[in-house]
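Below is one structure, written out as structure tokens; comments come after it.
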Amino acid sequence: MTNSARSKLLLIDGHSMAFRGFFALPVEKFATSTGVATNAVYGFLSMLITLLKEEQPSHVAVAFDAGSHTFRTEQYPEYKGTREKTPEEFKHQIPLIEEVLHSLGITTMSKDLIEADDIIATLSFEASQAGMDVLVCSGDRDTLQLVNDRVTVLYPRRGVSDLARMTPEAVYEKYQVTPEQYPDLAAMVGETSDNLPGVPGVGPKTAAKWLGQYGDLDSLLAHADEIGGKVGQSLRDHIDQVRLNRRLGQLLRDVELPAPVAELTIKPWDRAEIDQVLDSLQFRTLRERLFALDTNPANQEATTAGAGGVELVDLERTALAEWLAAASEPLGIAIEGNQLPVDPDVWLLALGRSDGEAVVVDFAQLRTEDEAVLRAWLADEAAAKTGHGVKGLLHALSSRDIELAGVVFDSQLAAYLAHPDQRTYDLPSLAMRYLGLDLTVTDNGGQGSLDLGDESQASALGADAVVLARLEQKQREELAGIDSLELLTDLELPVTWLLAVMERDGIAVDSSYLAELSKDFAAHAENSAQAAYQSIGHTVNLGSPKQLQTVLFDELGMPKTKKIKTGYTTDAAALADLYAKTGNDFLAHLLAYRDTTKLKQTVDGLIRSTASDGRIHTTFQQTVAATGRLSSTEPNLQNIPVRTEAGRQIRRAFVVGEGYETLLTADYSQIEMRIMAHLSGDTGLIEAFNSGEDLHNFVGSRVFSVAPADVSSSMRSKIKAMSYGLAYGLSAFGLSKQLNIEVAEARGLMTDYFERFGGVRDYLHTVVEEARVTGYTETILGRRRYLPDLTSDSRQRREMAERMALNAPIQGSAADIIKIAMLQVGAALAEEKLDSRLLLQVHDELIVEVAPGELERVTALVRGRMASAATLSVPLEVSVGVGASWLAASH
DNA sequence: AACATTACGTA
DNA sequence: CGTACGTAATGTTG
């Protein structure tokens with residue numbers, strides 16, 4: 001049936017339709033969080049989705065104007081001369097639209113000196129010659145000349161969603177001429193928007209009447225002297241203009257184009273790529289509308305071809321041991337259960353082979369002998385396995401004291417290493433991306449779904465396991481291609497084991513102390529609140545920025561602060577600034593209230609997170625931070641206060657657990673600056689670290705040309721801010737803001753800095769340039785971060801990407817190093833059969849719980865292993881503290 | 001109920 | 001107009 005359906009080509013005038021979208025949608029409502037306008041992109045894509053859905057074209061192309069200079073302006077410089085300059089807000093959206101189209105596999109075309117309509121006319125002509133149906137979507141009436149039995153123009157009436165179908169009949173009804181006659185009519189009537197004057201006194205009605213009488217413009221002009229009255233004279237007076245109009249209005253049908261119509265089929269969708277593009281545009285609803293489409297036959301074919309049936313092996317008939325022994329490749333492991341460190345559980349486990357065979361076991365019904373076989377196999381280092389988020393697997397299996405070894409792959413970690421910027425790495429997305437399988441389709445008949453056999457949970461789990469086995473093959477190849485396979489097998493996978501144990505162990509807290517702290521902070525906050533109400537004479541929700549804006553700027557008439565989306569900011573820096581200006585006590589009370597409520601929230605969060613064993617078990621996220629860092633959730637133990645005295649008191653609550661002697665903290669000193677010295681090879685900076693001198697004093701003495709001893713504290717703090725800022729892509733403006741100095745002074749400071757440390761400047765420059773060429777940055781271990789925005793036309797996006805490119809190798813290399821250190825420390829503790837254990841990692845710091853009598857050995861071991869984790873051109877310095885609480889161990 | 005916005009804690 | 005994160009409250013939207 002589908003073969004007999006005629007091919008249908010959809011041709012879109014990109015500029016024209018984007019422009020409609022731009023004016024139809026309010027720019028304020030359609031912008032990314034960074035302020036990039038996206039209303040035209042949104043409007044265009046929305047229209048495109050509708051067309052794809054309603055019209056089901058088999059071929060699509062979008063044509064764009066190459067520029068305002070065309071062969072028409074060469075013939076007639078005034079052509080389109082009255083057009084207003086394209087708004088900046090609009091211009092930058094064209095590349096974004098092209099990006100979206102490319103991710104959708106839709107061909108875009110543009111050609112120097114040629115307008116989009118000429119490209120469309122050429123393609124339209126070629127396609128209708130080949131017997132295809134053609135839809136032309138354009139807001140330019142010149143395209144009406146293309147209309148015939150095969151070609152329909154969709155002309156926007158208002159906005160981008162209301163399109164008029166201009167068939168030959170519709171054209172005639174509207175203009176009383178045939179499509180072929182339309183350019184003749186337009187030549188006489190003129191087109192204001194193209195700056196083409198028509199014949200005065202001649203409108204569409206008159207022009208149509210004449211064309212009805214004479215057939216076409218040539219015949220009409222040949223008999224121009226027969227036409228009487230004022231309009232006849234007017235026509236004769238403007239014949240040259242009419243001829244010019246006619247020539248300019250004629251669309252070219254013989255433009256040389258890069259691709260024939262046959263190649264304009266919609267390409268298979270790479271959902272991950274589309275996701276990435278839509279993410280960057282911050283589109284949500286359009287994504288759903290888009291993926292709900294089923295217009296792409298090529299995609300369906302690819303999807304179906306990749307799908308195979310999953311066959312569940314019946315353990316009543318097949319011996320588990322034999323089935324396992326027959327495995328010649330890593331088996332996929334999928335489970336059903338709680339994969340968190342607290343109260344983990346597992347009730348179903350599936351093992352899958354890439355050929356589609358799967359075993360699913362229900363622990364509640366598992367025969368004793370099968371369970372023994374399964375346990376032995378899972379614990380067998382030589383039996384290769386692959387999973388998805390193996391850390392969770394380890395938690396779940398630990399609930400039944402099941403040991404897991406021989407895991408050679410983790411599809412989630414692998415996907416993260418390949419594309420560390422993605423939001424999530426859920427299995428269905430990976431299945432779609434790497435295998436073209438749609439795991440979200442649960443019904444049997446659905447195209448692209450695995451044939452589940454039945455809809456039970458067990459079958460779905462078996463399918464997951466099969467998918468994992470197949471993913472391993474694809475992703476292993478991908479990682480090998482970017483030299484990241486070792487990163488997975490030698491770093492991230494071992495780290496997963498370590499993290500699982502750290503999470504399971506947790507860190508002990510003093511719960512009664514936390515309760516006390518909460519009470520203290522509450523009382524303090526309440527006092528500040530009352531004092532705040534007192535000073536303005538009424539109560540207000542101090543936690544509501546909106547209400548505070550009313551109080552500060554309307555009621556008290558304070559000077560306006562920095563603008564934000566909803567008005568003016570009330571953040572701490574702005575409030576402190578206002579306090580300096582006005583001296584109003586309300587501000588001081590408000591700041592105090594903010595501080596203490598924030599601390600109370602942190603404490604209350606810790607209380608809520610304390611497990612029944614009196615310890616807090618955070619979850620470390622290993623696939624979240626794009627640079628390679630870990631992050632910590634539920635609760636986040638990587639942002640426990642330390643900077644203020646009151647905040648530090650919270651660290652007292654983290655204590656050594658029963659049966660252990662003390663806590664030990666070990667942190668790298670200035671690791672990012674050391675990495676900067678290493679990567680840049682700057683001799684001055686390397687010397688700074690080898691001199692034994694305090695880093696900032698050393699650098700300060702060079703920048704300010706004084707002796708190290710004469711570096712004042714104000715000089716030192718400026719140097720410190722600048723040194724750290726450089727690794728983030730700090731600008732002179734940002735530095736001036738932070739240090740409260742003039743921009744000129746900040747710029748001078750940076751110039752002096754770079755004069756003395758030219759290697760740093762060269763390095764920072766090179767790292768961005770290389771990334772622009774290769775498309776990615778790399779850490780010392782070869783961990784990549786892709787930054788496509790480095791070549792963006794939008795300055796904002798490009799500069800953002802440049803700062804990321806500066807920072808990623810530095811932050812990421814530090815992450816690499818501490819991960820190595822963790823593995824080394826973990827291995828050393830095990831080798832030396834010590835009972836002390838790693839509890840937390842806070843980016844450049846490790847926290848260890850030391851068993852009785854082990855302090856000396858553990859201190860030496862941690863120091864040594866951390867310092868030797870990497871060999872850089874500067875030493876890695878480690879400072880260690882010991883104490884009964886995290887606070888006490890911090891100094 | 002889900003999402004966005006604002007603010008703020010850490011390295 | 002400095003990177004990388006997570007959490008909580010308020011307020012808006014469906």
If I take atom [atom1] in residue [X] and atom [atom2] in nucleotide [N], what distance separates them, rounded to the nearest angstrom?
X	N	atom1	atom2	answer
R594(A)	dC8(B)	CZ	C1'	9 Å
L542(A)	dA7(B)	CG	P	14 Å
Q549(A)	dT6(B)	CD	P	8 Å
K562(A)	dT5(B)	NZ	C1'	14 Å

Contact check, residues 731-743 of chain A vs DNA chain C, heavy-atom distance under 4.0 Å, returns S731(A), F733(A), G734(A), Q738(A)
Salt-bridge contact [X]-[Y] (side-chain N to carboxylate O under 4.0 Å):
X	Y	value
D421(A)	R785(A)	yes
R629(A)	E672(A)	yes
D604(A)	R608(A)	no
E742(A)	R747(A)	no
D694(A)	R716(A)	yes
E516(A)	R652(A)	no

Of N807(A) and E634(A), the one whose nearest nucleotide on DNA chain C sits closer to the 5' end is N807(A)
Practice task
Ignoring backbone atoms, establish whether R643(A) has a side-chain N or O less than 4.0 Å from OP1 or OP2 of dG9(B).
Solution key: no
(message) Does a side-chain N or O of T566(A) approach OP1 or OP2 of dT6(B) to a distance below 4.0 Å, or not?
(response) yes
Sorted by chain and number, sequence neighbours left out, ring-ring contact (aromatic ring centres under 6.0 Å, His included) with Y593(A) holds for none
By ring-ring contact (aromatic ring centres under 6.0 Å, His included), Y425(A) pairs with (sequence neighbours left out) none
Ring pair (Phe, Tyr, Trp, His ring centres under 6.0 Å) pairs touching residues 775-794 of chain A, sequence neighbours excluded, are Y776(A)-Y786(A)
Contacted region of DNA chain C by chain A, from 5' end to 3' end of the hits, cut-off under 4.0 Å to heavy atoms, spans dC1(C) to dT12(C)
- Query: Taking the side chain from T38(A) and the backbone from Y42(A), do they hold a donor-acceptor pair closer than 3.5 Å?
  - Reply: no
Here the helical stems involving DNA chain C, each at least 3 consecutive Watson-Crick or G-U pairs closer than 3.5 Å, sorted by first residue number, are B:1-11 with C:3-13
